[in-house]
Amino acid sequence: MSQKPRISKGTRDFSPSEVGKREYIFSIMKKVFGKYGFQPIETPSFELSETLLGKYGEEGDRLIFRILNSGDKMLKADIDALKNRNLNRFSNSISEKALRYDLTVPFARYVVQHQNDITFPFKRYQIQPVWRADRPQHGRYQEFYQCDIDVVGSDSLLYEIECIQIFDEVLSKLGLPGFTIKINNRKVLNGIAEVSGESDRLTDIVTAIDKLDKIGVEGVVEELNKRDISQSCIEMIKPLFGLKGTNKERLGQMSDFLADSEIGMKGLQELSFLFDIMKHTPIQKGRLEFDVCLARGLNYYTGAIFEVLVDDVKMGSICGGGRYDDLTSLFGLKGVSGVGISFGADRIYDVLNELKLFPDTVVNNLSYLFLNFGEEEFVKCFELSNKLREKGIPCEIYPVSTKIQKQMKYANERNAQNVLMIGSSELENQQITIKSMESGEQKTMAIDEFLSQL
RNA sequence: GUGGUUGUAGCUCAGUAGGUUAGAGCGCCUGAUUGUGGUUCAGGAGGUCGUGGGUUCGAGACCCAUCUUCCACCCCA
């Protein structure tokens, strides 16, 4: 009985060229992260449910993949809870583990659990897949990679600066011609809420403003109305949506607006510091931009927030991040401030693909293919293949002595750069024929000469 | 989670109003070409029409369920 091959909703296979491209992205990231002193960690693909549940809000809990208990543990199923439609209780009775939903919460757990072994400030990066039971859409999957870097245990603004440097360096190294690094500060948003007399409605204001890109000024106003924000407040913050001028000018306008808010002014101070320091740093392809309307949905941010947009490509943000003050307190460790950023691997992949920025070498990794002309010839090729591999040159031998036409076709499809031929005449004269698959040219030379020119 | 949308050969898609044996292009295999690929020509293989029910004398087409795809919302990378 054969069955139709299928893969689960929202997942993808990655073929050799795709993995090659992805690894290329990761390798550049890792190199840059390492240069700034970040070290890799990994956490398990699944955690105890209690570690994850309740950390992402009600909406988030719904999207966490849960792992069904197996064996006798199934007997713990709380049938009464099911009958009473108490689904939370029922699912807890049949599941005690869940797939990782993001890298931040497991990281917080890790920091608290290993607090005595860690030297603070602790700088780590983590590149692993995460899972969400979301409904798939273009660019949204149920399994995808996250690349996070975080520093915990210091509230120094130095680390905000490093985040900006890393954004710039990674994305420039990947070849992006231009991108905007948007910066804002939650304290500024706090100040806005405070000044406009709605400080207890911060979350509502933030989620509404966050949609500005998508729904425009009128949309945001409507959204604020829907959320019962007072008219006077709306009128007051509306002008902020259209701030003009340089970063410095905009900061100036904001400082007029926030003059009466201590926290707001603190946020502006932090931002000014960042922009001042960045003057002393060579920045490559990125462009720093202060955007008061940048909000980011996540609620745990308390200081700087970041988002990166690529120029001239229709795509949402490819990176994001920010400062959070109390993430580890969820697991009982208080007073540990952190700042972290995340690279959207899938989106970056799509952008590089669209802009054709992947180098050829990422995909064409087979330098030489030996054709197979028979047993004796094969032995010679085998010897030579070892020598090429000693030099780190990727090569392969065609496995059987079949029609040359077929072997050439294989070379073509494998994207081999060159074909090596040792037939009876070459064997007799200790020679080798090299054919370039791109130009079609070929030449015959002594085997020793071939080896010495590699 | 809410509303909509899609599914026919390996891929992209035709298939009229429900009516014989479900088609095309590309790809694949074989040969023209036993030491030369990406071009050409000739031939060939490949489909339980997503799955399960139902309506009908008869279903790829109509109805229901389910899975999947894509889209909008919620949310998010």
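Within every chain, numbering begins at 1; the chains are lettered A, B, ... in the order of the sequence lines, protein sequences first and strands thereafter.
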A:Lys211 vs B:rC75: side-chain N/O to OP1/OP2 distance below 4.0 Å: yes
Separation of atom CG in A:Asp134 from atom P in B:rA72, rounded to whole Å: 13 Å
Atom-pair distance (OH on A:Tyr145; P on B:rC76), nearest Å: 24 Å
Base of B:rC75 paired with side chain of A:Arg140 (donor-acceptor, under 3.5 Å): yes
Separation of atom NZ in A:Lys214 from atom C1' in B:rC73, rounded to whole Å: 9 Å
Distance, rounded to the nearest Å, where A:Arg6 contributes CZ and B:rG50 contributes C1': 7 Å
base_contact_polar (B:rU34 base, A:Gln405 side chain, donor-acceptor, <3.5 Å): no
B:rG37 - base-pair partner by Watson-Crick or wobble geometry, distances under 3.5 Å: none
Opposite nucleotide pairing with B:rU30, Watson-Crick or G-U, both atom distances under 3.5 Å: B:rA42
Sugar-phosphate only, base, or nothing, as touched by A:Gly374 at under 4.0 Å among non-hydrogen atoms: nothing
Nucleotide nearest A:Arg62 when distance is taken to its side chain, options B:rA77, B:rU36, B:rC74: B:rC74
salt_bridge(A:Asp210, A:Arg296) N-O dist < 4.0 Å: no
Nearest-nucleotide comparison on RNA chain B, the residue closer to the 5′ end among A:Ser342 and A:Ser425: A:Ser425
hbond_proxy A:Arg135 side chain to B:rU69 base (donor-acceptor, 3.5 Å cutoff): no
Donor-acceptor contact present, side-chain A:Arg201 to main-chain A:Ser230, <3.5 Å: no
Touch class at under 4.0 angstrom, heavy-atom based, for A:Glu438 against every strand present: base
Under-4.0 Å salt bridge between A:Asp150 and A:Arg124: yes
Carboxylate-amine/guanidinium contact A:Arg109 A:Glu47, below 4.0 Å: yes
Donor-acceptor pair present, A:Asn412 side chain and B:rG38 base, under 3.5 Å: no
Candidate nucleotides B:rU30, B:rA72, B:rC75, ranked by approach to the side chain of A:Gln137 - the nearest: B:rA72
Who pairs with B:rU48 - Watson-Crick or G-U, where each distance is under 3.5 Å: none
Euclidean distance, atom CD of residue A:Gln128 to atom P of B:rA77 [Å, nearest integer]: 17 Å
RNA chain B: 5'-proximal contact among A:Tyr410 and A:Lys403 (nearest heavy atom): A:Lys403
Electrostatic pair A:Glu426:A:Lys380 at N-O distance under 4.0 angstrom: no
OP1 or OP2 of B:rU68 under 4.0 Å from side-chain N/O of A:Lys9: yes
Interatomic distance, A:Phe306 CZ vs B:rA77 P [rounded to whole Å]: 16 Å
A:Arg347: partners by side chain to side chain donor-acceptor pair (under 3.5 Å), with sequence neighbours left out: none
Atom P, compared across B:rU30 and B:rA59: separation rounded to whole Å: 40 Å
A:Gln142 CD - B:rU68 C1' separation (whole Å): 11 Å
B:rA9 and B:rA22, which share atom name C1', separated by this distance in whole Å: 11 Å
Phosphate-side-chain proximity, A:Lys409 and B:rC29, N/O vs OP1/OP2 below 4.0 Å: yes
Touch class at under 4.0 angstrom, heavy-atom based, for A:Gly139 against every strand present: base
Span that lies between the P atom of B:rC62 and that of B:rG7, in whole angstrom: 10 Å
Rounded C1' spacing from B:rU6 to B:rU68 in Å: 9 Å
A:Phe144 over B:rA77, stacked by centroid distance under 5.5 Å, angle under 30°: yes
Nucleotide forming a Watson-Crick or wobble pair with B:rG25, both distances under 3.5 Å: B:rC11
Whole-Å distance separating the CE atom of A:Met408 from the C1' atom of B:rG37: 4 Å
Side-chain-base donor-acceptor pair under 3.5 Å for A:Glu426 and B:rG35: yes
A:Lys173/A:Glu169 salt bridge by N-O under 4.0 Å criterion: yes
Distance-only side-chain donor-acceptor flag, A:Asn353 / A:Lys21, under 3.5 Å: yes
Sugar-phosphate, base or nothing in reach of A:Gln407, heavy atoms under 4.0 Å: nothing
Touch class at under 4.0 angstrom, heavy-atom based, for A:Gly320 against every strand present: nothing
